[in-house]
Amino acid sequence: ISGNDIAEALLEPMEIISVYSQNDDATGLNQAMDAVDELTAEALVDKLIEYGVLEDGTKVLKFDTADGTGTLDLSQVPTGDQGEELLMLTAVGNTFTENFELDKLKLLVNGKNYSGTKVKQGDGDYLEYVKNYKEVK
């Protein structure tokens, strides 16, 4: 690696993002500041995989925003007990709504409304930013 390569890498603009993930005792979420090369749905999903919220191999099938509402279609979403499910949904919802400055997020899995072990979302159900993310019930 030459000095020029290092200098160019340092000049690359980085986007600072917030990533939410489950805390150690699974009672709520932690917020971490991290960086990505560019703010994209794929970059956020990669960070959510890195932080253990989503499973390896999760792909963004589609992501769009309109009028403060985002629609995120993922290839897979982990299922767990009700507590784990709420933490995962809150982590995904907070990470996307905060970084993309959304009012709400529609989560789809393979084009269908999210449906997990306990939480089943209908057409009118959205994830919104949870301010009290340190205690998710």
Side-chain angles (χ1 to χ4, degrees):
I1 297 177
S2 71
N4 285 344
D5 291 339
I6 294 168
E8 278 181 38
L10 293 173
L11 293 174
E12 288 289 312
M14 298 289 281
E15 295 265 357
I16 302 301
I17 59 165
S18 285
V19 182
Y20 292 83
S21 60
Q22 182 173 305
N23 66 14
D24 292 339
D25 59 3
T27 56
L29 301 177
N30 292 323
Q31 177 191 28
M33 300 310 285
D34 208 323
V36 293
D37 292 337
E38 185 181 354
L39 178 58
T40 63
E42 290 79 6
L44 289 185
V45 165
D46 287 346
K47 286 294 177 184
L48 287 167
I49 291 168
E50 187 181 312
Y51 282 80
V53 174
L54 297 173
E55 295 167 335
D56 246 353
T58 302
K59 300 280 180 246
V60 176
L61 303 178
K62 188 174 139 204
F63 177 69
D64 56 43
T65 61
D67 302 324
T69 300
T71 302
L72 174 64
D73 190 358
L74 296 176
S75 61
Q76 63 185 15
V77 175
T79 55
D81 66 26
Q82 184 172 1
E84 291 169 345
E85 196 170 43
L86 285 174
L87 289 167
M88 180 274 301
L89 289 171
T90 305
V92 171
N94 277 16
T95 298
F96 271 82
T97 56
E98 181 174 329
N99 290 295
F100 284 106
E101 298 176 4
L102 301 170
D103 297 322
K104 56 189 178 179
L105 178 72
K106 168 58 89 180
L107 179 61
L108 302 172
V109 182
N110 292 310
K112 297 184 169 69
N113 287 322
Y114 173 81
S115 183
T117 312
K118 299 278 185 195
V119 179
K120 303 203 182 320
Q121 293 196 316
D123 290 342
D125 294 326
Y126 295 88
L127 301 175
E128 295 183 0
Y129 185 83
V130 175
K131 288 186 183 80
N132 191 18
Y133 61 84
K134 291 185 180 185
E135 284 182 44
V136 177
K137 294 178 179 136

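Just so it is clear, the structure is predicted and the values come from calculations on it, not from any experiment.
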So, for [X] and [Y], which heavy atoms are closest and what is the spacing to 0.1 Å?
X   : Y    : result
L74 : L61  : O-CD1, 3.8 Å
P78 : V53  : CG-O, 3.5 Å
L29 : V136 : CG-CG2, 4.3 Å
S75 : G57  : OG-O, 3.9 Å
T90 : L86  : OG1-O, 2.7 Å

Should [X] and [Y] count as side-chain neighbours, where that means a heavy-atom distance under 4.5 Å?
X    : Y    : result
Q121 : L127 : yes
V92  : V77  : no
M33  : S18  : yes
L44  : F96  : yes
N113 : K106 : yes

Determine whether a donor-acceptor pair (N or O, by modelled atom type, separation under 3.5 Å) exists between the side chain of [X] and the backbone of [Y].
X    : Y    : answer
T95  : Y20  : yes
K134 : Q31  : no
K120 : Y114 : no
E85  : K118 : yes

Are [Y] and [X] connected into the same hydrophobic cluster when the rule is that any two of I, L, V, M, F, W, Y join if their side-chain heavy atoms are below 4.5 Å apart?
X    : Y   : value
V109 : L54 : yes
M14  : L48 : no
V130 : L72 : no

Within a 6.0 Å radius of atom [atom1] on [X], are there more than 12 heavy atoms belonging to other residues, nucleotides or ligands?
X    : atom1 : result
D56  : CG    : no
D67  : CG    : no
N132 : CG    : yes
E50  : CD    : yes

I need the [X] [atom1] to [Y] [atom2] distance, nearest 0.5 Å.
X    : Y    : atom1 : atom2 : result
L108 : K62  : CG    : NZ    : 7.5 Å
F63  : T40  : CZ    : OG1   : 9.5 Å
I16  : L39  : CD1   : CG    : 11.5 Å
D103 : E128 : CG    : CD    : 8.0 Å
L102 : N94  : CG    : CG    : 11.5 Å
K112 : L107 : NZ    : CG    : 14.0 Å

For Y133 and N23, run side chain to side chain contact (heavy atoms under 4.5 Å, CB included): C-alpha distance rounded to whole Å, both residues' side-chain angles, the deciding distance at 0.1 Å, then the answer.
CA-CA 10 Å; Y133 61 84; N23 66 14; over 6 Å; no
Using the side chain to side chain contact (heavy atoms under 4.5 Å, CB included) definition, which of the options D34, N99, V36 pairs with E15?
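That would be V36.
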